[in-house]
Amino acid sequence: MDPKGQRVKLNDGHFIPVLGFGTFAPPEVPKSEALEVTKFAIEVGFRHIDSAHLYQNEEQVGQAIQSKIADGTVKREDVFYTSKLWSTSLRPELVRPALEKSLNNLQLDYVDLYIIHFPVALKPGEALFPKDENGKPIFDSVDLCRTWEALEKCKDAGLTKSIGVSNFNHKQLEKILNKPGLKYKPVCNQVECHPYLNQSKLLDFCKSHDIVLVAYGALGSQRIKEWVNPNLPFLLEDPVLSAIAKKHKQTPAVVALRYQIQRGVVVLAKSYNKKRIKENIQVFDFELTPEDMKAIDGLNRSIRYNELLLGVGHPEYPFFEEY
């Protein structure tokens, strides 16, 4: 079990730990670091590990999980592992091979959760970001309902325990929920979510359909120039967050994580710094008051750090919708 048994039941009966360890790192961080920090995260108590084919580190993350199983720290069933189907494999016939490739890299028999990473389909092939001669992304046209059916088959085959989505707006979720012959509902929608983008409308929508919202970028965001607008304010320097942190003798980061857990959101803490990884697990050691929660709610200003602009121009680009 993760610390103090903090898990949420998914709509398919499986349980997800409310605090997860995000393994995404900017390209300049050597892949070998993913092995070290994932091992460390498991040692300090993280039981939910989030990665993706796109991050190009599943081999190292898998090695970390294997080594912690081998030394008796955890059993396989103690670890909740999420992988993601990248945009170049959204065609139904490419879904299972993509998952099998991840499993092979991880050296695991199954993942706990497999999710569609981004609803925008890109041209299949080796390139993660296929571009034409002018540097424009090469899109693909795929019916996401067919992609979803291929995920359902992966669940039936035992390759993943649960299936979900990421970066979907409510209309895209509705399309799957209303699909004729739907076998399994998405268990989650993993989206950017933090006090400056609290996603309250999407959260209400997901709760009403028994879909768990999973927050990435919960601490604002790493400053990765390809993805993030560098002129945006720095969330963890927010005076309101800092004051609440001081009051509870916690860091602003831990307050931002605690905020999500108390509103029923599963939250990913992404850090490659061992001191901060250790701090982030303290999220279970205190509670925010209703006044604290209200003050943090008041920080919402619809700031999206991860606009994923490569998808603009595709009919399934998700972020033009309000939620």
Side-chain angles (χ1 to χ4, degrees), residues 2-11 15-22 45-48 50 164 166-170 173 187-222 232-271 276-306 319 322-323:
D2 56 309
K4 303 191 177 56
Q6 298 280 356
R7 303 187 306 166
V8 172
K9 194 173 189 181
L10 298 168
N11 64 38
F15 286 85
I16 185 169
V18 293
L19 178 67
F21 180 69
F46 279 91
R47 293 295 176 263
H48 170 182
D50 179 275
S166 177
N167 297 304
F168 275 45
N169 61 40
H170 79 284
L173 279 169
V187 297
C188 72
N189 185 17
Q190 185 183 124
V191 295
E192 179 179 349
C193 185
H194 46 74
Y196 285 170
L197 181 73
N198 71 23
Q199 299 276 23
S200 57
K201 286 191 170 171
L202 187 59
L203 177 57
D204 288 345
F205 175 86
C206 287
K207 280 182 174 173
S208 72
H209 291 280
D210 200 13
I211 293 169
V212 169
L213 198 77
V214 179
Y216 73 76
L219 307 177
S221 196
Q222 295 168 326
L232 293 171
F234 204 59
L235 174 74
L236 296 181
E237 288 167 6
D238 186 274
V240 174
L241 222 48
S242 301
I244 292 171
K246 209 168 161 184
K247 182 175 90 173
H248 291 282
K249 299 185 175 54
Q250 296 290 345
T251 63
V254 174
V255 169
L257 297 173
R258 180 75 207 179
Y259 166 70
Q260 300 293 3
I261 289 173
Q262 283 186 215
R263 62 207 285 260
V265 171
V266 168
V267 66
L268 302 177
K270 192 167 61 184
S271 177
R276 289 204 285 269
I277 292 170
K278 218 170 166 170
E279 279 170 359
N280 290 342
I281 204 117
Q282 291 168 3
V283 71
F284 298 113
D285 299 347
F286 74 108
E287 204 166 319
L288 295 168
T289 66
E291 295 75 41
D292 294 335
M293 291 295 290
K294 203 168 175 224
I296 300 172
D297 276 336
L299 297 176
N300 186 49
R301 49 185 89 162
S302 304
I303 289 177
R304 189 184 289 283
Y305 292 99
N306 298 275
F319 304 143
E322 187 197 352
Y323 68 98

Pairwise distance CD(Gln262) to CD(Glu287) - rounded to 0.5 angstrom:
5.0 Å
Gln199/Leu213 under side-chain contact (heavy atoms from CB on, under 4.5 Å): CA gap, chis, key distance, verdict:
CA-CA 9 Å; Gln199 299 276 23; Leu213 198 77; 4.3 Å; yes
I'd like to know if Asp292 and Lys247 make a salt bridge, using a cut-off of under 4.0 Å between side-chain N and carboxylate O.
yes
Set out, in order, the CA-CA distance, both residues' side-chain angles and the distance that settles side-chain contact (heavy atoms from CB on, under 4.5 Å) for Glu237 and Ser242, then state yes or no.
CA-CA 7 Å; Glu237 288 167 6; Ser242 301; 5.8 Å; no
Say you draw a straight line from CZ of Phe21 to NZ of Lys270; how long is it, rounded to the nearest 0.5 Å?
10.5 Å
Taking it one step at a time, do Asp204 and Tyr323 satisfy side-chain hydrogen bond (donor to acceptor under 3.5 Å, both in side chains)?
CA-CA 10 Å; Asp204 288 345; Tyr323 68 98; over 6 Å; no
Going by heavy atoms in the side chains, are Ile296 and Val255 under 4.5 Å from each other?
yes
Do Asp297 and Tyr259 have side-chain N/O donor and acceptor atoms under 3.5 Å apart?
yes
Tell me, do Asn198 and Arg263 make a side-chain contact under 4.5 Å, heavy atoms counted?
yes
Exercise: identify the closest heavy-atom pair between Ala256 and Ala218:
CB-O, 3.8 Å
Below 4.0 angstrom, N of the basic side chain to O of the carboxylate: do Asp238 and Arg301 qualify?
yes
With a 4.5 Å cut-off on side-chain heavy atoms, are His48 and Ile16 touching?
yes
To the closest 0.5 Å, what do you measure between NZ (Lys201) and SG (Cys206)?
14.5 Å
Derivation and outcome, side-chain contact (heavy atoms from CB on, under 4.5 Å), residues Tyr196 and Asn300
CA-CA 4 Å; Tyr196 285 170; Asn300 186 49; 5.9 Å; no
Centres of the His194 and Tyr305 rings: under 6.0 Å?
yes
Just verifying a value: how many Å separate Asp50 CG and Leu268 CG, rounded to the nearest 0.5 Å?
4.5 Å
Min side-chain heavy-atom separation Val214-Val191 under 4.5 Å
no
Side-chain contact, heavy-atom cut-off 4.5 Å: Ile244 with Leu288?
yes
Can you find a pair of side-chain heavy atoms, one from Pro17 and one from Gln6, that are under 4.5 Å apart?
no
Below 4.5 Å, heavy atoms only, C-beta onward: do Phe286 and Val254 meet side chain to side chain?
yes
Is Phe15 close to Val8 at the side-chain level, that is, under 4.5 Å between some pair of heavy atoms?
no
Looking only at non-hydrogen atoms, find the nearest pair between Ala245 and Pro252 and report the distance.
CB-N, 3.6 Å
Closer than 3.5 angstrom, by distance alone: can the side chain of Arg258 be matched with the main-chain N or O of Val283 as a donor-acceptor pair?
yes
Donor-acceptor pair, side chain of Asn11 and main chain of Asp210, under 3.5 angstrom:
yes
Before giving the answer on side-chain contact (heavy atoms from CB on, under 4.5 Å), spell out for Leu19 and Phe46 the whole-Å C-alpha distance, their side-chain angles and the decisive distance to 0.1 Å.
CA-CA 7 Å; Leu19 178 67; Phe46 279 91; 3.6 Å; yes
Once you round to the nearest 0.5 Å, how far does CZ of Phe205 lie from CG of Leu173?
5.5 Å
Minimum heavy-atom distance between Ala269 and Leu257, given as atom pair plus value
CB-CD1, 3.9 Å
Quick one: pull up CG in Leu299 and CG in Leu235 and give me the separation to the nearest 0.5 Å.
8.0 Å
Heavy-atom pair with the smallest gap, counting every atom of Leu197 and Ser302:
CD1-CA, 3.9 Å
Any donor-acceptor N or O pair under 3.5 Å, side chains Gln250, Asp285
no
Heavy-atom closest contact (Leu241 atom, Pro195 atom, distance):
CD1-CG, 4.4 Å
